[in-house]
Amino acid sequence: MAYKYLVIVESPTKSKTIERYLGKNYKVVASKGHLRDLPKSKMAVDVANNYEPSYISIRGKGPIIKELRRYAKKAEKVYLASDPDREGEAIAWHLAHLLDLDPSAPIRVEFNEITKDAVKNAFKHPRAIKMDLVDAQQARRVLDRLVGYTLSPILWKKVKKGLSAGRVQSTALKLIIDREKEINAFEPVEYWSVDALFSKGRFQFEAALSQYKQKKVKLGDETSVKEITSEIDQSGKWTVSSVTKKERKRNSNAPFTTSSLQQDASNRLNFRTRKTMMVAQQLYEGLSLGRGGQVGLITYMRTDSTRISHTAQVEAHDFITTEFGSDYALKKPKQTKNNQSSQDAHEAIRPSSVLRTPDSIKSYLNKDQFKLYSLIWNRFVASQMTPAQLQTIGVDIEQGNIIFRATGTRVLFPGYQKVYSDGSKNNKENKLPELLEGDELTLDSFTPNQHFTQPPARYSEATLIKTLEEIGVGRPSTYSPTIDTLQRRYYVKLAARRFEPTELGEIVNNLMESYFANIVDTNFTAEMEKELDMVEAGKAEWVKVVDQFYKPFHNEVEKAEEQIQKITIKDEPANFKCPECGHEMVIKLGRYGKFYACSNFPECRHTEPIVKEIGVTCPKCHQGQVVERKSKKNRLFYGCSRYPDCDFTSWDKPINRNCPKCDHFLVEKKTRGGKQVICPNGDYEEEKQQ
């Protein structure tokens, strides 16, 4: 079929959706990502010639380039419609070079959502390629190449092959290791609390010891607890001495940015960052909704802006008014305040149409798509709703020198909480009976509880991304690949969904801190991000930005190459013989952690995984020991040491006790905030342990 106009996008899915909107005069094809890049085999940045990058066509992309050139020759005009960010602008610029297009001509088309109106409107207003955006992306690419291809060979030479270093990657690693140092240096402090159960009639409620002799209680040891609790007369008179009621409003969160979506998807859906971005990409590019055809369901998912278009606000207002009533709809649009480092290039992440409720399109989505779309839809709708109105109640209950305090929360009007809970513990209602000053209550029981202060938690994916964003390191598109790289290099490992540094990670970080302090300095790295934003805004030249960084960095490199001593990661004796050749076995550090290997390598290549016994006899064969193992996806599970003779496996940790009801072995299951012993058959469950 003949066509007048050729449109080039990044993905085949996106091309199908857009072609349907544009009609028969347009042919829409996909470049399938970048077509030109710096070669992997060399630095490819000419430091002496204004840091000129030497781009080449990416290996394997030749047939695509040839096909695009053939399509372009037949078209009256070519439009470049890659993604609306720095990376997309750079792809458009590379395409213009490959197809001999004029970058200053109106050939660039940009839209934030793949809907019929948005796409058609974008084609009415094509523009030139924004070279400031291209320069900002090119500066980042050149900087990362200069750092990576300069530092990585030093690590190969001084530590071991296969290692790497980078601006954002090294900063993220330092954060994880600094947190581990805090945890190791932490000394727990003992403290106590006294919880009581009071009742008024049939209504029971909890209270906590608050004051003693008109002073706020601070209980540091059991002696001080006994001093106070010895004065408690459980059967004596307990009187309500004061009741304080306050009303307050709780505002909804802003719509999602990339980082807040990654954090919420991790916390609520247990999605890894890479998975979140993959599913979000599918929702953005478009999915088939039956007769409705291919439709883009959300706006662009790489953004650090919380801004919402006027059209989307009006549609949300009308939907909320119809669905929930006028009391739930904002009287005037909410003005969201972006982070200072936000580029505000386009909108927050929101549904392309609020009328596509999650339930109305559920049958067209897979499980993960539905979960993520529901999260995005609920958060956006909530952001356009009125605040929740809450009543907080504080009640003091007195006997002599002792005062217990009970607190309660009552929702007067749910507002945005009708569709979205912010996940806060304070969000839950804690009901108290109707109490008045002078009311007499019954003390049913009281319990002293010993506690110890806890060290700071290790970073999860969500909290690491949040911290990187807060300190201004990295950008929405960099967080997922940064985390992947740290794990691929075995600098960190995930234990109970938290990052734990490895010995190798600590070695690399120590080198970086000692010889390349600026690279791992959060303030320095954040300032570099601001400089790149200045390039994008047209307020700085990319060559000068790179030059200001590279000259002092190059001096550090020269000193480091002279001063860094070769670090030998010694093999540890394994204290048993190789079953194949009889030589001593050793513990080696490999790409995926430690393993047993024959010391007679390379003559003998025998290796064994290191397994850790948990002190439990196999509940299936009763001969082997239960050991920790790793799946192909690096997930911890438990199996029998006699495998393959015994095929026992369990995702949950077995313990040396059987269920008192069905005699099945019990397991220890990790839960939010602790662990719990349960029977896999569902016949038995113990209280959660913190």
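Not measured: the values here are computed from a predicted model.
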Looking at [X], I'd like to know if its [atom1] atom is crowded, meaning that more than 12 non-hydrogen atoms belonging to other residues, nucleotides or ligands lie closer than 6.0 Å.
{"X": "R274", "atom1": "CZ", "value": "no"}
{"X": "E558", "atom1": "CD", "value": "yes"}
{"X": "K32", "atom1": "NZ", "value": "no"}
{"X": "K566", "atom1": "NZ", "value": "yes"}

Please enumerate all residues that pass side chain to side chain donor-acceptor pair (under 3.5 Å) together with R145, with sequence neighbours excluded.
none
Using modelled atom types only, decide if a donor and an acceptor are shared between the side chain of [X] and the backbone of [Y] within a distance under 3.5 Å.
{"X": "S259", "Y": "I465", "value": "no"}
{"X": "R36", "Y": "Y55", "value": "no"}
{"X": "R629", "Y": "C640", "value": "yes"}
{"X": "S170", "Y": "A165", "value": "no"}
{"X": "K61", "Y": "H34", "value": "yes"}
{"X": "T502", "Y": "Y491", "value": "yes"}
{"X": "E608", "Y": "M585", "value": "no"}
{"X": "T485", "Y": "P481", "value": "yes"}
{"X": "E513", "Y": "V520", "value": "no"}
{"X": "S374", "Y": "F370", "value": "yes"}

Could you check S266 against E461 for side chain to side chain donor-acceptor pair (under 3.5 Å), going step by step and ending with a plain yes or no?
CA-CA 7 Å; S266 174; E461 281 196 359; 5.4 Å; no
Check ion pair [X]-[Y] (N to O, under 4.0 angstrom):
{"X": "E527", "Y": "K530", "answer": "yes"}
{"X": "R140", "Y": "E529", "answer": "yes"}
{"X": "K174", "Y": "D521", "answer": "no"}
{"X": "E182", "Y": "R179", "answer": "yes"}
{"X": "R272", "Y": "D484", "answer": "no"}

Going by atom types alone, do [X] and [Y] pair a side-chain donor with an acceptor below 3.5 Å?
{"X": "T299", "Y": "E347", "answer": "no"}
{"X": "Y479", "Y": "Q263", "answer": "no"}
{"X": "R302", "Y": "S477", "answer": "no"}
{"X": "Q369", "Y": "Q282", "answer": "yes"}

Name the one of V168, L468, L532, D304 that satisfies side-chain contact (heavy atoms from CB on, under 4.5 Å) with R475?
D304
Among all residues two or more places apart in sequence or in another chain, which pass the ring pair (Phe, Tyr, Trp, His ring centres under 6.0 Å) test with H554?
Y550
Which heavy atom of I519 sits nearest to which heavy atom of G166, and what is that distance?
CG2-O, 3.9 Å
For the rings on F648 and F665, is their centre-to-centre separation under 6.0 Å?
yes
